[in-house]
Asks: 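Below: one structure in structure tokens.
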Amino acid sequence: MSAGINHELNQPLTAIRSYADNALSFLDMGKTDPVNTNLREISGLTQRMAKIIAPLKEFSRKTTGQSALVSLKVVRDGAMSIMYGRLDKANAKIEWPPRLDQVFVLGDTLRLEQVVVNLISNALQAMEEQEQSDKWIEIGLERQASRLLISFRDHGPGIPESELGKVFEPFYTTKKAGQGLGLGLSISHRIIESMNGRLTVANHPLGGAIFTISLPTADASASTAGLE
């Protein structure tokens, strides 16, 4: 549990460091408006960190099965706030589907946000050795009956076929030393299962890995509007 909490808090801590460093730079230049904005972001991230701890502490307990309406726009905005600076630093691009404010699933906003951050972070690490023009993350949506599929494709080398069945095992990792404990995908898998969903992985036919989240749609008319 201690290792899991450490892993989940590392991303917002990195974002806070970026906001703080930028705030100091703006302060030296006498630009107070950006400083105020960065401090507000830091405040929001610390609140999010506090909320992250509670679900992780209770994660080993049986879920109540209760789900709420989740806006994918809210999930995207929260995840991108945490990933602040990392995409630019990696010279990577991310492509989100349009009109996410019209797309809803059933689940938990904070936990789904954690999973999205983990998947984007893993995609960035998978593309570390790629050329800048190839550092691209594609996020797609597809409706299947009463479920919504959210896919995350990187343009990295993909995952060896012999390893595909192991990626959701605790402590499994192909990362360099010091880049993670191999808990992110295991935690993400369990989080999605707790929301009556599935998290799967495959290699894309054109290259790279693709992780897909399957969750119940909240409302047929609302959840499909953003896919047309």
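The structure displayed is predicted, hence computed values, not measured ones. Heavy-atom basis, side chains included; hydrogens, waters and symmetry copies ignored. We count residues from 1, following the sequence as given.
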Asks: Quick check: is L141 connected to V74 through a chain of hydrophobic side chains (ILVMFWY, heavy atoms under 4.5 Å apart)?
Replies: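 V74 and L141: separate clusters.
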Asks: Just how far is it from atom CD of E113 to atom CG of D77, taken to the nearest 0.5 Å?
Replies: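 That separation rounds to 9.5 Å.
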Asks: Would you check if N22 and V35 make a side-chain contact, meaning some heavy-atom pair closer than 4.5 Å?
Replies: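 They are not in contact (no side-chain heavy atoms under 4.5 Å apart), so the answer is no.
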Asks: If you measure from CG on L27 to CG on N36, what distance do you get to the nearest 0.5 Å?
Replies: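 Atom-to-atom, L27:CG and N36:CG are 12.0 Å apart.
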Asks: Evaluate the side chain to side chain contact (heavy atoms under 4.5 Å, CB included) criterion for residues V75 and L100: first the C-alpha distance (whole Å), next the side-chain angles of each, then the deciding distance (0.1 Å), finally the verdict.
Replies: CA-CA 9 Å; V75 172; L100 288 182; over 6 Å; no
Asks: Could you give the distance from CD1 (I213) to OG (S188), rounded to the nearest 0.5 Å?
Replies: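 Those atoms lie 7.5 Å apart.
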Asks: If two hydrophobic side chains count as joined below 4.5 Å and joins carry through other members, does V117 share a cluster with I187?
Replies: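 Both belong to a single hydrophobic cluster.
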Asks: What heavy-atom pair brings T46 and S43 nearest, and what distance separates the two atoms?
Replies: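 Heavy atoms only, the tightest pair is OG1-O, 2.7 Å.
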Asks: Closer than 3.5 angstrom, by distance alone: can the side chain of D154 be matched with the main-chain N or O of G208 as a donor-acceptor pair?
Replies: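 No; judged by distance alone, with no hydrogens or angles, the pair does not exist.
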Asks: Which pairs with one or both residues in residues 200-216 pass side chain to side chain donor-acceptor pair (under 3.5 Å), sequence neighbours excluded?
Replies: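 Output for this query lists R147-S214, E161-N203.
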Asks: Using the rule given for side chain to side chain contact (heavy atoms under 4.5 Å, CB included), can you reason through V167 versus I159, listing the C-alpha separation, both sets of side-chain angles and the distance that settles it, and then say yes or no?
Replies: CA-CA 9 Å; V167 296; I159 302 170; 4.1 Å; yes
Asks: Provide the closest heavy-atom pair for I137 versus A123 in the form atom of the first, atom of the second, distance.
Replies: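 Taking every non-hydrogen atom into account, CD1-CB, 3.7 Å.
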Asks: Grab the two heavy atoms, one from P157 and one from A126, that are nearest each other, plus how far apart they are.
Replies: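 Reported closest heavy-atom pair: CD-O, 3.2 Å.
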Asks: With heavy-atom distances below 4.5 Å as the criterion, would you say the side chains of L72 and I150 are in contact?
Replies: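 The answer is yes, as the side chains (C-beta and beyond) meet within the 4.5 Å cut-off.
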Asks: Do I210 and L119 share a hydrophobic cluster, counting only Ile, Leu, Val, Met, Phe, Trp and Tyr and linking them when any side-chain heavy atoms are less than 4.5 Å apart?
Replies: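 Not linked; separate clusters.
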Asks: Kindly give the heavy-atom pair with the smallest separation between A90 and K135, and that separation in Å.
Replies: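 Result for this residue pair: O-CD, 3.1 Å.
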Asks: Run the side chain to side chain contact (heavy atoms under 4.5 Å, CB included) test on F26 and T37 for me, step by step, so that the C-alpha distance in whole Å, both residues' side-chain angles and the decisive distance to 0.1 Å come before the verdict.
Replies: CA-CA 11 Å; F26 285 124; T37 300; over 6 Å; no
Asks: With side chains defined as the heavy atoms from C-beta onward, is the minimum distance between L148 and F104 less than 4.5 Å?
Replies: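 No - every pair of side-chain heavy atoms lies 4.5 Å or more apart.
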Asks: Roughly how far, to the nearest 0.5 Å, is the OG1 atom of T109 from the CD atom of Q114?
Replies: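 Reported to 0.5 Å precision, the distance equals 11.5 Å.
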Asks: Measuring only between side-chain heavy atoms, which start at C-beta, is M80 closer than 4.5 Å to L87?
Replies: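 Answer yes - side chains close enough.
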Asks: Under the salt bridge (charged side-chain N to carboxylate O under 4.0 Å, His left out) rule, what pairs show up with a residue in residues 23-37, not counting sequence neighbours?
Replies: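 For residues 23-37: none.
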Asks: Quick one: does R86's side chain have a donor or acceptor within less than 3.5 Å of a partner on I120's backbone?
Replies: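 Flag not set: sc R86 to bb I120 has no pair under 3.5 Å.
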Asks: Does a side-chain heavy-atom distance below 4.5 Å link L206 with H155?
Replies: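 Contact flag for L206/H155 side chains = no.
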Asks: Which atom names give the shortest non-hydrogen contact between W136 and E95, and what distance separates them?
Replies: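 That would be CZ2-OE1, 3.3 Å.
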Asks: Go through the steps to decide whether N118 and L185 satisfy the test side chain to side chain contact (heavy atoms under 4.5 Å, CB included), and finish with yes or no.
Replies: CA-CA 7 Å; N118 273 325; L185 288 176; 5.7 Å; no
Asks: Linking I/L/V/M/F/W/Y whenever any side-chain heavy atoms sit under 4.5 Å apart, do I94 and L124 land together?
Replies: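 Yes, one cluster joins them.
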Asks: Should L215 and L106 count as side-chain neighbours, where that means a heavy-atom distance under 4.5 Å?
Replies: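 Of all side-chain heavy-atom pairs linking L106 with L215, none is under 4.5 Å.
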Asks: So S121 and M83, do their side chains get closer than 4.5 Å, heavy atoms only?
Replies: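 Answer yes - side chains close enough.
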Asks: Which value, rounded to the nearest 0.5 Å, describes the distance between H189 atom NE2 and F211 atom CZ?
Replies: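 Separation between the atoms: 10.5 Å.
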Asks: Quick check for you: to the nearest 0.5 Å, what is the distance between E138 atom CD and W96 atom CH2?
Replies: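 One gets 13.5 Å once the value is rounded to the nearest 0.5 Å.
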Asks: Could you check if a side-chain atom of E41 sits within less than 4.5 angstrom of a side-chain atom of S81, using non-hydrogen atoms only?
Replies: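 They are in contact (side-chain heavy atoms under 4.5 Å apart), so the answer is yes.
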Asks: Verify the cluster assignment for L39 and L24: are they in a single hydrophobic cluster under the rule of side-chain heavy atoms below 4.5 Å apart?
Replies: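 No; tracing contacts between hydrophobic side chains, which count when under 4.5 Å, never links both residues.
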